[in-house]
A.B. asks: 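The structure's right below; bear with me while I get my questions together.
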Amino acid sequence: QVQLVESGGGLVQAGGSLRLSCVASGSILNIGTWVWYRQALGKTRELVATITSGGDTKYADSVKGRFTISRDNDKKTAYLQMNSLKPEDTAVYYCNADRMLFTDPTMGVREAVDYYGQGTQVTVSS
């Protein structure tokens with residue numbers, strides 16, 4: 001069994017900062033690309049940032065220059081540093097791993113595909 005758990009969300013004033021974390025638990029062998037998504041109330045899910053296993057990053061135009069995605073492979077963790085937050089950044093933020101290799105005690109090496117965390121709420125007040 002594997003699990004992704006986000007943390008770090010909360011309420012912050014416009015112009016403030018938050019750092020989201022997403023930790024993968026379980027007997028993880030390898031994680032591919034990490035992705036942060038967000039979904040505001042009444043809106044469709046939006047891709048925020050990605051980071052490949054090689055460290056290449058991409059950002060939505062709406063967050064470029066303000067958000068930074070990073071990863072710590074040893075800690076099986078992805079981060080999203082969010083600076084200069086705006087009210088329009090208010091959303092539930094989800095982390096995603098496009099592929100995770102892990103060991104199952106009975107079935108050996110397995111692959112989890114397109115795996116999501118439970119989400120963390122970010123609210124930015126004006």
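Just so it is clear, the values below take in all heavy atoms, side chains as well, and ignore hydrogens, waters and symmetry mates. Numbering of residues begins at 1 and proceeds along the displayed sequence. These numbers were taken from a predicted model, which means no experiment stands behind them.
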A.B. asks: With a 3.5 Å distance limit and no angle check, can you tell me whether Tyr115 reaches the backbone of Val2 through a side-chain donor-acceptor pair?
C.D. replies: yes

A.B. asks: What disulfide bond (SG atoms under 2.5 Å apart) pairs are there with at least one residue in residues 37-82, not counting sequence neighbours?
C.D. replies: none

A.B. asks: Can Asp89 and Lys86 be counted as an ion pair, charged N to O under 4.0 angstrom?
C.D. replies: no

A.B. asks: What is the distance from atom OG of Ser21 to atom CG of Asp72, rounded to the nearest 0.5 Å?
C.D. replies: 10.5 Å

A.B. asks: Could you walk me through whether Arg19 and Met82 pass the side-chain contact (heavy atoms from CB on, under 4.5 Å) check?
C.D. replies: CA-CA 6 Å; Arg19 188 194 196 204; Met82 305 185 295; over 6 Å; no

A.B. asks: So which pairs with a foot in residues 97-114 pass side chain to side chain donor-acceptor pair (under 3.5 Å), sequence neighbours left out?
C.D. replies: Asn30-Arg99, Asn96-Asp114, Asp104-Thr106

A.B. asks: Cation-pi check for Tyr94 against Arg38: NZ or CZ below 6.0 Å from the six-membered ring centre and within 45 degrees of the axis, yes or no?
C.D. replies: no

A.B. asks: Determine, step by step, whether Tyr93 and Val48 satisfy the side-chain contact (heavy atoms from CB on, under 4.5 Å) criterion, reporting the C-alpha distance in whole Å, the side-chain angles of both residues, the deciding distance to 0.1 Å, and the verdict.
C.D. replies: CA-CA 9 Å; Tyr93 284 71; Val48 176; 4.3 Å; yes

A.B. asks: To the nearest 0.5 Å, tell me how far Gln13 CD sits from Thr123 OG1.
C.D. replies: 13.0 Å

A.B. asks: Of all heavy-atom pairs between Ser84 and Ser17, which one has the smallest distance, and what is that distance?
C.D. replies: N-OG, 4.3 Å

A.B. asks: Work out which heavy atom in Cys95 is nearest to a heavy atom in Leu4; give both atom names and the distance.
C.D. replies: SG-CB, 4.0 Å

A.B. asks: Is there a side-chain contact (heavy atoms from CB on, under 4.5 Å) between Lys58 and Asp56 once you walk through the steps?
C.D. replies: CA-CA 7 Å; Lys58 290 185 179 180; Asp56 293 328; over 6 Å; no

A.B. asks: Side-chain heavy atoms under 4.5 angstrom apart, residues restricted to Ile, Leu, Val, Met, Phe, Trp, Tyr: same cluster for Ile31 and Tyr79?
C.D. replies: no

A.B. asks: Looking at every heavy atom in both Ile28 and Lys76, which two are closest together, and how far apart are they?
C.D. replies: O-CE, 3.5 Å

A.B. asks: Identify whether Val63 and Val12 are in the same connected component of the hydrophobic contact network (ILVMFWY, side-chain heavy atoms under 4.5 Å).
C.D. replies: yes

A.B. asks: So Trp34 and Thr52, side-chain contact (heavy atoms from CB on, under 4.5 Å) or not? Walk me through it.
C.D. replies: CA-CA 6 Å; Trp34 285 101; Thr52 68; over 6 Å; no

A.B. asks: State whether a side-chain donor-acceptor pair under 3.5 Å links Tyr37 with Arg45.
C.D. replies: no

A.B. asks: Can you check whether Val124's main-chain N or O pairs, donor with acceptor, with Thr90's side chain at less than 3.5 Å?
C.D. replies: yes

A.B. asks: In terms of hydrophobic clusters joined by side-chain contacts under 4.5 Å, are Val23 and Ile51 together?
C.D. replies: no

A.B. asks: Tell me every residue that passes ring pair (Phe, Tyr, Trp, His ring centres under 6.0 Å) with Phe67, counting only those two or more places apart in sequence or in another chain.
C.D. replies: none

A.B. asks: Which pair of heavy atoms, one from Trp36 and one from Leu20, lies closest together, and at what distance?
C.D. replies: CH2-CB, 3.7 Å

A.B. asks: Spell out, yes or no, whether Val92 and Val35 are grouped together once hydrophobic residues are joined by side-chain heavy atoms under 4.5 Å, including indirect joins.
C.D. replies: yes

A.B. asks: Which pair of heavy atoms, one from Glu46 and one from Ser62, lies closest together, and at what distance?
C.D. replies: OE2-OG, 3.2 Å

A.B. asks: Looking at CG of Leu29 and CE of Met100, how far apart are the two atoms once the value is rounded to the nearest 0.5 Å?
C.D. replies: 11.0 Å

A.B. asks: For Gly32 versus Arg71, what's the shortest heavy-atom pair and its separation?
C.D. replies: O-NH1, 2.7 Å

